[in-house]
Q: 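What follows is a structure written as structure tokens; I'll ask about it next.
Below, chains carry the letters A, B, ... as their sequence lines are ordered, and counting in each starts from 1. Any value given below was found using the heavy atoms of this structure, including those in side chains, with hydrogens, waters and symmetry copies removed.
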4 protein chains.
Amino acid sequence: MPRGRRKGDHDSKREEIADATCKVILRSGIEKSGIAEIAREMGCSTGVLMHYFKTKAEMLLYSKNLMFDRAHERMKQAAANGHGPERLLAMTRELLPLDAASIARCRLLTAFMGLAIGNPALMKLQDKRDLLHIKQFAAVITDLQATGTVSAKLDPMLEGRRICALIDGIASQAATNPRSWSPADVEATMSRYLQSLMTSAA
Amino acid sequence: MPRGRRKGDHDSKREEIADATCKVILRSGIEKSGIAEIAREMGCSTGVLMHYFKTKAEMLLYSKNLMFDRAHERMKQAAANGHGPERLLAMTRELLPLDAASIARCRLLTAFMGLAIGNPALMKLQDKRDLLHIKQFAAVITDLQATGTVSAKLDPMLEGRRICALIDGIASQAATNPRSWSPADVEATMSRYLQSLMTSAA
Amino acid sequence: MPRGRRKGDHDSKREEIADATCKVILRSGIEKSGIAEIAREMGCSTGVLMHYFKTKAEMLLYSKNLMFDRAHERMKQAAANGHGPERLLAMTRELLPLDAASIARCRLLTAFMGLAIGNPALMKLQDKRDLLHIKQFAAVITDLQATGTVSAKLDPMLEGRRICALIDGIASQAATNPRSWSPADVEATMSRYLQSLMTSAA
Amino acid sequence: MPRGRRKGDHDSKREEIADATCKVILRSGIEKSGIAEIAREMGCSTGVLMHYFKTKAEMLLYSKNLMFDRAHERMKQAAANGHGPERLLAMTRELLPLDAASIARCRLLTAFMGLAIGNPALMKLQDKRDLLHIKQFAAVITDLQATGTVSAKLDPMLEGRRICALIDGIASQAATNPRSWSPADVEATMSRYLQSLMTSAA
DNA sequence: TATGAATGAGTCTTCATTCAT
DNA sequence: AATGAATGAAGACTCATTCAT
């Protein structure tokens with residue numbers, strides 16, 4: 001039996017902590033999400049948290065990135081698997097608030113976003129993450145331009161930004177009031193937007 | 001010589017405090033926007049702030065509402081003054097991040113939004129405010145449907161929500177990285193979206 | 001019309017403030033009896049209070065003494081008017097908790113008493129006031145010894161202290177729970193005690 | 001090696017804090033007994049106090065109850081051990097101000113009492129504790145009635161209240177000025193009162 | 001005199017972080 | 001690796017007192 005723990009153990013504990021962190025934030029808000037509360041949610045002592053993360057800030061950042069990256073990964077999968085005009089829509093489906101879990105994710109990202117305002121370092125990090133989404137959309141749009149599905153005159157990056165903006169906006173509103181955006185409304189909105197994009201000549 | 005102070009004095013002081021609050025939030029982030037820091041920004045003692053607001057939470061809420069309402073007022077003006085297809089675009093211009101001041105406002109609203117997550121009372125209040133924007137757009141869309149500029153088959157409220165979502169999304173991205181959205185990009189995005197709306201048949 | 005106010009105006013305002021102070025203490029407890037609350041009760045500004053009293057401590061002391069002295073005055077009257085064995089009982093009646101007003105007074109004195117603990121200056125002042133009661137009882141006892149109603153062997157001051165102790169004890173208990181001491185119980189207790197005193201040989 | 005601390009450690013720390021609290025109150029008065037001062041007395045940081053007590057109010061209540069209960073326990077012992085007519089006197093001795101320690105306790109209870117005025121919740125709690133004393137006296141009086149030492153016509157609870165009232169009154173006066181009540185005076189007073197009680201026919 | 005806005009030291013309380021066990 | 005007691009700086013808030021009007 002080896003003395004030291006596997007790398008995996010360490011990482012999976014960090015993920016477990018991140019999940020507890022998110023649960024607490026959703027329940028109590030970011031302001032009241034103290035380390036003690038998260039430890040209680042985990043069923044462990046605060047010392048554990050500080051053992052796996054040097055500071056609380058690092059813990060929050062890790063948690064946010066984990067949420068973000070999980071969604072990004074699935075969106076990348078959708079990009080890889082999709083074909084034809086449906087591809088973009090399939091990608092957005094992984095980022096939009098369509099069920100309880102994705103609404104929770106939107107809320108979390110909104111909460112973290114608010115924290116980043118006025119904190120240049122965090123804002124830069126957030127912006128870098130956002131770019132991953134945008135570039136992925138841009139890449140697919142470039143693909144679609146090659147097949148003529150999307151007009152070659154459009155700027156893939158800008159169109160990517162536009163799609164992400166619409167996603168973020170819906171996410172933000174659904175975060176405040178999930179009942180204002182039914183899954184059908186969400187899908188219809190995105191679908192119509194993408195349709196118009198693929199029809200657009202300029 | 002009047003004994004008591006004028007009502008106006010009291011209210012204008014509250015606005016002055018709200019402006020200082022916003023300045024501090026933009027500079028230091030919401031977490032570090034303590035009452036002491038805001039007092040320093042105002043050039044007064046912390047006691048003053050508590051004299052004009054019972055709690056810090058009330059102060060923040062007032063500040064946010066003030067920012068929101070100022071923009072809403074201008075947007076309503078644009079709705080009243082505008083004519084024809086340009087009307088919707090003119091309205092969005094008052095809410096989009098097009099210059100330093102409006103970018104600051106977007107940042108503030110993003111910061112406050114994050115605070116509301118996990119706080120049902122705040123979320124409800126925020127949602128009520130958001131509805132003001134949406135209803136205003138819906139009203140104008142209804143007008144445009146009467147003149148045939150917009151298809152009568154569209155649901156004004158849903159279309160209002162969609163416009164607001166796009167605005168919020170752009171605002172959110174510009175909050176993180178203003179350079180990613182030039183004023184021209186912003187306008188073009190909004191313009192094209194509204195164009196497609198007015199062309200839309202379903 | 002003379003410029004300055006009468007001494008009486010000044011004093012009667014101080015009494016008015018003292019009464020408001022007592023009302024607030026009874027309602028909110030001594031800890032929460034701030035100057036602002038008292039001003040509100042008076043229907044005036046805090047400035048007025050500081051005009052008539054240099055400090056809050058002075059205001060509290062004045063209020064307590066006023067309550068105390070009013071009762072003492074009536075007790076002295078009872079001493080002057082009473083005759084024979086009834087005299088002592090009549091005196092105690094002015095100090096005991098027998099109705100709403102006197103229960104309120106007992107509560108106030110209890111509250112002030114608690115404040116004096118750990119404050120040598122206040123304790124000395126309070127002790128001096130208490131002596132007034134005791135000496136009055138002692139004087140009457142001396143009278144009663146002259147007529148043979150009370151044994152000459154008893155120490156008038158000590159007996160005075162004992163009577164006051166019993167009064168204070170009943171007052172203290174009635175302050176906490178007025179229902180535990182019906183007026184009849186109070187009177188019977190005091191009456192029996194004084195009876196035994198007048199019968200006592202040593 | 002046990003992971004968690006023993007229950008005893010936690011409770012004994014609470015008692016240690018309570019003792020420090022009392023020392024500070026006696027020295028500085030209740031108003032000036034801040035958490036910082038108590039921490040200084042303990043030789044620890046303020047955080048420790050909040051670790052063992054959720055609020056300052058809880059800390060004060062615990063301290064008062066501890067003082068009260070310690071005396072009550074000894075009084076109950078005296079009730080259990082005593083025989084015949086001496087029993088009641090032995091019980092009162094545990095509650096009366098007869099030496100430095102008991103005078104300190106009387107002062108503390110006086111200080112806490114003052115705090116309770118105007119605070120219904122605290123008053124109710126205090127009244128419940130007082131009843132413990134009274135019931136204990138009543139129980140012993142009932143015993144003595146069975147042996148004919150005390151007249152069966154007397155109401156045990158009322159007589160218990162009367163004894164407690166006298167004790168409280170003496171305690172209250174000794175709190176203000178300990179020199180006014182020598183131990184001999186205290187004992188003689190109580191002794192004579194109890195004597196008269198046991199002689200009483202009605 | 002009277003006002004009540006302003007002050008700022010002081011209050012309790014929270015909390016991320018450290019550290020002995 | 002884990003515990004949770006201890007730290008102490010920072011937090012929001014209170015309040016007696018002052019002072020310009």
Q: Using a 3.5 Å limit on both pairing distances, list the dot-bracket string of DNA chain F from the 5' end; Watson-Crick and G-U wobble pairs count, crossing pairs take [ ], interstrand pairs take |.
A: .||||||||||||||||||||
Q: What is the distance, to the nearest angstrom, from the CG atom on D:Leu60 to the P atom on E:dT11?
A: 14 Å
Q: Between C:Phe53 (CZ) and F:dT18 (C1'), how many Å, whole number?
A: 18 Å
Q: Assess whether side chain to side chain contact (heavy atoms under 4.5 Å, CB included) is satisfied between B:Glu58 and B:Leu61, documenting all intermediate values.
A: CA-CA 5 Å; B:Glu58 187 196 323; B:Leu61 185 55; 5.7 Å; no
Q: By the 4.0 Å heavy-atom rule, please label C:Tyr52 as base, sugar-phosphate, or nothing.
A: sugar-phosphate
Q: Start with the C-alpha distance between A:Asp127 and A:Met123, add both sets of side-chain angles, then the distance that settles side chain to side chain contact (heavy atoms under 4.5 Å, CB included), and finish with yes or no.
A: CA-CA 6 Å; A:Asp127 188 48; A:Met123 277 166 63; over 6 Å; no
Q: Rounding to an integer number of Å, can you tell me how far B:Glu16 CD sits from E:dA5 P?
A: 15 Å
Q: For B:Ile25, is there any backbone N or O sitting under 3.5 Å from a side-chain donor or acceptor partner on B:Ser28?
A: no
Q: Which letters describe nucleotides 8-17 of chain F, given B = protein heavy atom under 4.0 Å from base, S = only from sugar-phosphate, - = neither?
A: BB--SSB-SB
Q: Take C:Lys64 and C:Leu108 through the side chain to side chain contact (heavy atoms under 4.5 Å, CB included) test and state the conclusion after the steps.
A: CA-CA 7 Å; C:Lys64 191 219 66 184; C:Leu108 278 167; over 6 Å; no
Q: So which heavy atom on B:Tyr62 is nearest to which on B:Asp11, and how close?
A: OH-O, 4.1 Å
Q: When the distance from CD1 of D:Ile17 to C1' of F:dA6 is rounded to whole Å, what number comes out?
A: 12 Å
Q: Quick check: are there more than 12 heavy atoms from other residues, nucleotides or ligands sitting under 6.0 Å from NZ of A:Lys56?
A: yes
Q: Indicate the atoms forming the closest heavy-atom contact of D:Ala18 with D:Leu66, along with that distance.
A: CB-CD2, 3.7 Å
Q: Can you measure B:Leu49 atom CG to E:dG8 atom P for me and round it to whole angstrom units?
A: 13 Å
Q: Would you please confirm or rule out a distance under 4.0 Å between OP1 or OP2 of F:dA6 and any side-chain N or O of D:Lys13?
A: yes
Q: Calculate the interatomic distance between B:Arg40 atom CZ and E:dT7 atom C1'; express it in whole Å.
A: 16 Å
Q: With side chain to side chain contact (heavy atoms under 4.5 Å, CB included) as the test, would you mind laying out the steps for B:Glu15 and B:Arg70 before giving the verdict?
A: CA-CA 11 Å; B:Glu15 293 204 13; B:Arg70 280 177 183 165; 3.3 Å; yes
Q: Round to the nearest Å and state the distance from A:Met59 atom CE to E:dC15 atom C1'.
A: 13 Å
Q: Donor-acceptor pair, A:Arg107 side chain versus B:Gly118 backbone, under 3.5 Å?
A: no
Q: Just how far, in rounded Å, is C1' of F:dA20 from CG of B:Asp9?
A: 14 Å
Q: Counting only side-chain nitrogens and oxygens, does B:His51 get under 4.0 Å of the OP1 or OP2 atom of E:dA5?
A: yes
